Number of protein chains: 4
Amino acid sequence: MSSNKQNEIALAAVKLFEQKGYRATSVQDIADAVGLQKGSLYHYIASKEDLLMQIAHQAILQFNEQLQSILDQDISARQKLELMIRTHLTMSIDNLETTTVLWREAFALGEGPQEVIARMSDEYLNLVTRILQEGVQSGEFHVTEPRVTALAILGACNWVYRWYQQTGSLTAEDISQIFSHLFLDGLLT
Amino acid sequence: MSSNKQNEIALAAVKLFEQKGYRATSVQDIADAVGLQKGSLYHYIASKEDLLMQIAHQAILQFNEQLQSILDQDISARQKLELMIRTHLTMSIDNLETTTVLWREAFALGEGPQEVIARMSDEYLNLVTRILQEGVQSGEFHVTEPRVTALAILGACNWVYRWYQQTGSLTAEDISQIFSHLFLDGLLT
Amino acid sequence: MSSNKQNEIALAAVKLFEQKGYRATSVQDIADAVGLQKGSLYHYIASKEDLLMQIAHQAILQFNEQLQSILDQDISARQKLELMIRTHLTMSIDNLETTTVLWREAFALGEGPQEVIARMSDEYLNLVTRILQEGVQSGEFHVTEPRVTALAILGACNWVYRWYQQTGSLTAEDISQIFSHLFLDGLLT
Amino acid sequence: MSSNKQNEIALAAVKLFEQKGYRATSVQDIADAVGLQKGSLYHYIASKEDLLMQIAHQAILQFNEQLQSILDQDISARQKLELMIRTHLTMSIDNLETTTVLWREAFALGEGPQEVIARMSDEYLNLVTRILQEGVQSGEFHVTEPRVTALAILGACNWVYRWYQQTGSLTAEDISQIFSHLFLDGLLT
DNA sequence: TATGAATGAGTGTTCATTCAT
DNA sequence: AATGAATGAACACTCATTCAT
C-alpha cells in the first residue's frame, strides 16, 4: 500500500528537516533517504512544501486533540493544568524531531498553510487559557490575564525542543513536575 | 562614513530577515532595500551569512551584557529576577525584529557561527540560573532544579517574539508584571 | 544512453577549452554547444573543474599506457626511443585539442587534481628516462644525465601543440623522423 | 618617480601571475602586494591585461635582443648554437617567474596583444632557424628541415620553466651542456 | 510505480574598471 | 597621487518540479 511509502517519506523528511532545516533539505536528500529517485517521490507527495505542511499539521492536530481530551475530563483545573503540562512535554519529547519541525520550520510555509497552522496553534492557546479561566472560576487559581499567563506556560513548554537534546538525562516526567511546581506554587518560599 | 551604510544595511537586513526569513531573503532584496547594486553590498558585508551572524551576535551580546549588569547589582535575588524579566522583555519587544531574527534565524548559520551563538545563549542561561541559586542560598527561593527552572523562565520570555505582534495592546511592563507574578507566586490562590 | 551525452559534452568542452581556454569558457558556452540548458549539464558533470580533470586525466593516461606498451616490447633501446617519439607525436597531433588542453589548461585545476596529473606526467618522464638508461646499459646510447636528457626530448615533443597548427603541411611521421634524427645523431656532420 | 612604483607593480604581478595564474590573480591581489588600493593601481597601469602584456612583451623582447646579438657575432654556427642555448637557459632560469608568465599566461591576452607576442616569438624562431641554416651552409650541420629542428630545440629549452623548480640542483650552465651535447652529437655512441 | 533527463529561474559571490573627492 | 564607493555584468552552481517513457 502506498501509505507505507508515504509514511516512510514523511519520517525521513521529519528527520532531515530537523537536522538541516526545511530549506537546506533538498528533495534529493529525501529521495536518497528513502531510496527513490527524485522524480519518483512526486508519486507520493504533492510538493516539498506540502510535505512540510502534512508534518506540521499532523503534529499540531495531535497536540490539540490531546488537550481537548484533557479538557473533557471531569477533574479540577489544577489537575487539568498538571495533566496538560505532562502530556504536552511527553509528546514534545517523545516526538522531538516532529515538534522541532513544527515550531522551527512551519515559518517556511507559504501564507495559506502557515495561517492554518497559526490558527490551530491559537486554538491550542485558547484551550490552555480556558483551563486557567476554569481555575479562576473554581477559586483554585489567581490569574489576572489568563491569555498572557497561558502564553507564558506555553512558551516554557514549547521552548523545550531547543534544549532537551543536551539535557538528556531528565525525563519528560521529571520536567513536568518541575514546571508544574513552578507554575502552581512559584519560586518564593 | 561607512559605518552609516553598514548600519543601514544591517537594519534593512533585520527587517527583511524578520519578514521573509533569512533563506527567503536574497542579497538582491537587501541591496534593493538600501538602494545599492547587489555587488556593491559586498563593500560592506563579507557574506550574507556573516551579516546574519553580526545581527545575531550583537543581539545576544546585548542580552548578556544587560543581564550581567543586573547580576552585579547589590539587590535581592527576587529583585534581580524581576529586573531580569523586565529588562529581557523590554529589550525583546523594543527590538522585536532583531530578537525574532536571533531566535528564529540563527539556526541557518553554519556550524561555527551557530556554535558561537549557542555558547553565548548558554552563558545567558547560566546567569539566570545563578540568580535562582542566589535566591536559594538567601532563602528567598525554593528551587530543586535551578537550570530547568531557568529554562522554563527563559522559554516563557523568549517565546514572546512569536506572539507579541498580535497582542499589541500590552506593554513590556505589563507583561513583566504578569510573568513575575506567575513565576514568583504561582497560580494557586 | 547517457555515456553518449557525456562524451558529447566532453568533446565540446575540449574544443572550447582549446579555443578560449578553460577559464574563459563558461558553463553556458558548453551547454550551448551541446544544446542543453546550463542546469541540465549538471546531470552529466560534477563540476566544470571535474570536466577538465576528466579530459586531462584521460589524456595523460593514454600517453602513459602507450609508452608502457612500448617499454614492454622486446626491441632495442634505439627502437623504443624512435617508437616513443613517433607514438607521442602521432597521439599529440591526432588529438591536438586534447593535448593542448592537457599541457596548457591543467594548471587551472585545483591543488589535488593538479597533483594527480603532475604525478602521472612524472611517471611518463620516468618511462622515457628508463629507455635512455636501457640504451646506456646496452651500449647504444651515451648519456650522462638521463633525466635531463629525457626532459629535453619531452620538451621538444610536447611543445608541438604550440606550433603544429600553423605548420600543417607536415605529418606526425615527418616530424618524428626529423626529431629522431636530431636526438639520435645530432646536428653535426 | 613613478617608474619605481610601476616596476614594483610589475614585479608583484609577475610573482602573482606565476603563482596563481593570470586569471586567478585579481587586481586586488596585486594592489595588496604593493600596498595600494585597487583604484590607485590604475594610476600606474592601463588595465590588468595591459600589465600582462608589458610583462610578456618585455620578456620576449629580451630573448630576441640577446639572440640577435649572438647572431651578430663573428663566430661559428656551432658556437652560436651553443651560446644561444646557454643564454636562453640562463635567462629562463634567472627569470623563471617572468619566463613562466610569458609561456604559460600570454594565451590569456586578447587577440591583438597575443598576436604581437606570437609574432615576436616567431621572429625568435626565425633567428634560431638562421643559425641552423648558417651551419648547413658552412658545412658544420646536417639539417634537412631547419625550421622543425629549430622548433625541437626551442621546445626543449622552453619546456624548462615547467620542471626546473623541482630539479633545482642543476645550474643553467649544467643544463646547457647536456642540451648542447644532445643536439650537436646525439645520443648514439 | 518508477525513472532520469530536462528545465529555467534563482542563488551568493567575484571582479575589472570608473570616478568624484 | 590616492582613495574607496559604486557599478553591472558575469560566474558556477542548485533546485523543485515536470514529463515522456
Side-chain angles (χ1 to χ4, degrees), chain A residues 1-2 4-6 22-31 34-52 108, chain B residues 1-2 4-6 9 22-31 34-52, chain C residues 1-2 4-6 9 22-31 34-52, chain D residues 1-2 4-6 22-31 34-52 108:
Chain A
M1 209 179 305
S2 79
N4 280 340
K5 209 71 173 194
Q6 258 173 337
Y22 169 75
R23 303 209 61 138
T25 300
S26 70
V27 172
Q28 185 65 258
D29 290 334
I30 302 168
V34 297
L36 279 176
Q37 290 307 111
K38 212 174 13 168
S40 314
L41 219 63
Y42 283 84
H43 287 283
Y44 302 100
I45 66 169
S47 69
K48 190 187 159 194
E49 187 184 358
D50 185 68
L51 184 52
L52 173 58
Chain B
M1 214 177 303
S2 81
N4 282 338
K5 209 76 175 189
Q6 250 172 340
I9 290 167
Y22 169 74
R23 302 207 61 137
T25 300
S26 70
V27 172
Q28 185 64 256
D29 290 335
I30 303 168
V34 297
L36 280 177
Q37 290 302 111
K38 202 169 36 157
S40 311
L41 257 195
Y42 284 83
H43 278 281
Y44 302 99
I45 67 170
S47 68
K48 190 188 160 194
E49 187 184 359
D50 184 69
L51 184 51
L52 173 57
Chain C
M1 210 178 306
S2 81
N4 281 339
K5 208 76 175 189
Q6 250 172 341
I9 290 167
Y22 170 74
R23 301 205 66 135
T25 301
S26 71
V27 172
Q28 186 64 258
D29 290 335
I30 303 168
V34 296
L36 279 176
Q37 291 302 111
K38 204 171 30 162
S40 311
L41 255 195
Y42 284 84
H43 278 281
Y44 302 99
I45 67 169
S47 67
K48 189 187 160 195
E49 186 183 0
D50 185 69
L51 184 52
L52 173 58
Chain D
M1 212 180 303
S2 80
N4 280 340
K5 208 77 174 189
Q6 257 174 337
Y22 169 74
R23 302 212 59 140
T25 300
S26 70
V27 171
Q28 185 66 257
D29 290 334
I30 303 169
V34 297
L36 279 176
Q37 290 308 111
K38 210 173 18 164
S40 314
L41 219 64
Y42 283 84
H43 287 284
Y44 302 99
I45 66 170
S47 69
K48 190 187 160 194
E49 187 184 358
D50 184 69
L51 184 52
L52 173 58

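These numbers come from a predicted model, not from an experiment. Reminder, nothing fancy here: chain letters follow the sequence lines and each chain counts from 1.
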Candidates F:dT3, E:dA6, F:dA6 - which lies nearest the side chain of B:Y44
F:dA6
Would you mind reporting whether A:K5 and A:L36 have side-chain heavy atoms less than 4.5 Å apart?
yes
Just the rounded figure in Å: distance from P of F:dC15 to CD of A:E49.
17 Å
Judged by each residue's nearest nucleotide on DNA chain F, which is more toward the 5′ side, D:G39 or C:Y42?
D:G39
All heavy atoms of C:A24 vs all of D:R23, minimum pair found to be CB-NH1, 3.4 Å
Of all heavy-atom pairs between C:V27 and C:K38, which one has the smallest distance, and what is that distance?
CG1-CG, 3.7 Å
Choose from F:dT17, E:dT7, E:dA2 the nucleotide whose nearest atom is closest to any side-chain atom of A:K5.
E:dA2
So do the side chains of C:V34 and C:L41 get within less than 4.5 Å of each other, counting heavy atoms only?
yes
For F:dA1, which nucleotide in any strand shown is its Watson-Crick or wobble partner with both distances under 3.5 Å?
none
Considering heavy-atom distances to DNA chain E, does C:G35 or B:S40 have its closest nucleotide positioned more toward the 5' end?
C:G35
Starting from C1' on E:dT11, measure out to OH on B:Y22 and report it in whole angstrom.
11 Å
The nucleotide from E:dA5, F:dA5, E:dT13 with an atom nearest the side chain of B:H43 is F:dA5
For A:S26, report the nucleic acid contact type (base, sugar-phosphate, nothing); a contact means any heavy atom under 4.0 Å.
sugar-phosphate
Rounded to the nearest Å, what distance is computed from the CD1 atom of residue B:I45 to the C1' atom of nucleotide E:dT14?
13 Å
Side chain of A:K38: nearest nucleotide among F:dT17, F:dT7, F:dC13?
F:dT17
